[in-house]
Amino acid sequence: MPELPEVETVRRGLAEHLVGRRVTRAEVGRERVVRRTSRDALISGLTGAVIESTDRRGKYLLLPLDTGDTLMIHLRMSGQVLLAAGGAIRPAHTHVALTLDDGHEVWFVDPRTFGEVVVFDPENVAVELPELARLGPDPIAEPFTRVDVRRITRATGRALKPLLLDQHAIAGIGNIYADEILHDARLRPDRPASSLDARASARLHGSIVRVLTDAIAAGGSTLGDSQYVDLMGSGGSYQDEHRVYGRGGERCLTCGRGWVRRTTTAGRGTHFCAVCQH
DNA sequence: AACTGTCCCTGCAAGC
DNA sequence: TGCTTGCAGGGACAGT
C-alpha cells in the first residue's frame, strides 16, 4: 500500500514526464474518485492547464497548475498513477484519464476507490482540503530534526505505533513503515511515546529518516496483494529488506533469537520482535 | 485527549 | 469445483 516512499517514487516519475505538459483532455469514469468536488469540476479544472511542478506532503501528491489551482492525488490503499501511450488499452478500474499535449496519457487506476483526485485552490486549502492543512511535518520533504521527534513524543499519552500512524503528528508513515521504523529503532510498538528518553527519541528520529530514505532508494515496497507500482508499471524492491512486516512467526532477522510476533494495534496488523525491541 | 468501532471497496484466501 | 464469508487496509469520522 502506498506510503511516503511509494508516493515519492510516483512523484519523481511525474516530475520527469509531466512537468511543462498541458492537459488537452480529462476524462472521469467513476464519480466516486472525484467525490470531494465533482466530475465537471475536475474536467474543467484540468482541461487546458499546464502542470508546472510536482510536490508531495506525506501521502498527498500535489501538482501545481498554471491556473493557480493544484491537482491533488491520494492513492490510499490501491491507487496507481500510470503513464501510457495515447490510445493504449486502459486497465480495469481506470477512473481518471488525462491526455497530455505530447500524446501520452496519465491514468488514475484504483480497484478499491478509496483514493481520490481533486483540483483545489491552495489559497483556500483549509476549507477545500482541511486534512492537508492539518498534516504534520513530512520527514523527507521538510526540515525534520530530532528536536521535532522529541517534541512529538513528549506531548502525548499514546503508544508509539498509533503515534507514527497519525498523519497529524508526522506525515507519510503507514502500517509497513511504522513497523519497520520501530524495529530499526529497537522500540516496541506498544511502548508509550512519552517514556522515551532523549537518546531513544533521537534513535527513533534516525530510524524514521533512514528507513524512509532507504525505501525511496529502493523504489518503495511492492507486496503480492496490493500491487503498488510506479508510473511506468514497475514494482519497488524494498519488500526484500523488510525485517518484520509480513514476517509474523518467523525467526527475527536482526537478533536471531526472538520470533517476530504479529499482534493487532490501532486496528492494524503489527509486527515486532520482543527480544530486540523494548 | 485518546480510545474503539464504522464506513468506504475490491480482491484474495480460507472454509465449507 | 464453486460458493460464501472474512479479512486487509488509509484515514475521516462518530461515539464513549
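Lettering follows sequence order; numbering is per chain, from 1.
- In this model, the phosphate group of B/dA1 is not approached by any side-chain N or O of A/Thr156 to a distance below 4.0 Å at OP1 or OP2.
- An aromatic stacking contact links A/Phe114 with the base of B/dC8, defined here by ring centres under 5.5 Å apart and ring planes under 30° from parallel.
- Atoms CZ (A/Arg262) and C1' (C/dC7) sit 10 Å apart, rounded to a whole Å.
- What separates CG of A/Asp166 from P of C/dA12 is a distance of 9 Å, to the nearest Å.
- Under the 3.5 Å distance criterion, with hydrogens and angles disregarded, no donor-acceptor pair is assigned to the side chains of A/Glu3 and A/Tyr228.
- In this structure, A/Glu116 atom CD and B/dC8 atom C1' are separated by 12 Å, rounded to whole Å.
- Across all strands shown, A/Tyr245 has heavy atoms under 4.0 Å from sugar-phosphate atoms exclusively, and none from any base.
- Closest to the side chain of A/Pro111, out of C/dG10, B/dT10, C/dA12, is B/dT10.
- As judged by a 4.0 angstrom heavy-atom cut-off over every strand, A/Arg30 is placed among residues touching the sugar-phosphate backbone only.
- Between A/Gln167 atom CD and C/dC13 atom P the separation is 14 Å, expressed in whole Å.
- The separation between A/Tyr228 atom OH and C/dG9 atom C1' is 17 Å, rounded to whole Å.
- Here C/dG9 presents its P atom at 10 Å from CD of A/Glu3, a figure rounded to the nearest Å.
- Using a distance-only test at 3.5 Å, with no hydrogens or angles considered, a donor-acceptor pair links the side chain of A/Arg150 to the main chain of A/Leu196.
- Residues A/Pro189 and A/Ala159 approach most closely at O-CB, 3.6 Å, considering heavy atoms.
- Atom CD1 of A/Ile176 and atom P of C/dG9 are 8 Å apart (whole Å).
- For A/Arg32, the side-chain atoms get nearest to B/dC8 when compared with the rest of B/dC8, C/dA8, C/dC13.
- For A/Lys59, no side-chain nitrogen or oxygen approaches OP1 or OP2 of C/dG10 to under 4.0 Å.
- Of the candidates A/Asp190, A/Asp179, A/Asp166, A/Lys161 forms a salt bridge (charged side-chain N to carboxylate O under 4.0 Å, His left out) with just one, namely A/Asp179.
- For the 3.5 Å distance criterion, the side chains of A/Gln277 and A/His183 qualify, holding a donor opposite an acceptor.
- The nucleotide whose nearest atom lies closest to any side-chain atom of A/Arg76 is, among B/dC3, C/dG11, B/dC9, C/dG11.
- For A/Arg35 and C/dA12, the CZ to P distance is 12 Å, given to the nearest whole Å.
- An OP1 or OP2 oxygen of B/dG11 is reached within less than 4.0 angstrom by a side-chain nitrogen or oxygen of A/His93.
- Proximity note for A/His74 (side chain, C-beta onward) versus C/dC13, B/dT10, C/dG11: the nearest is C/dG11.
- Distance from the side chain of A/Arg112 is smallest to B/dC9 among C/dG10, B/dC3, B/dC9.
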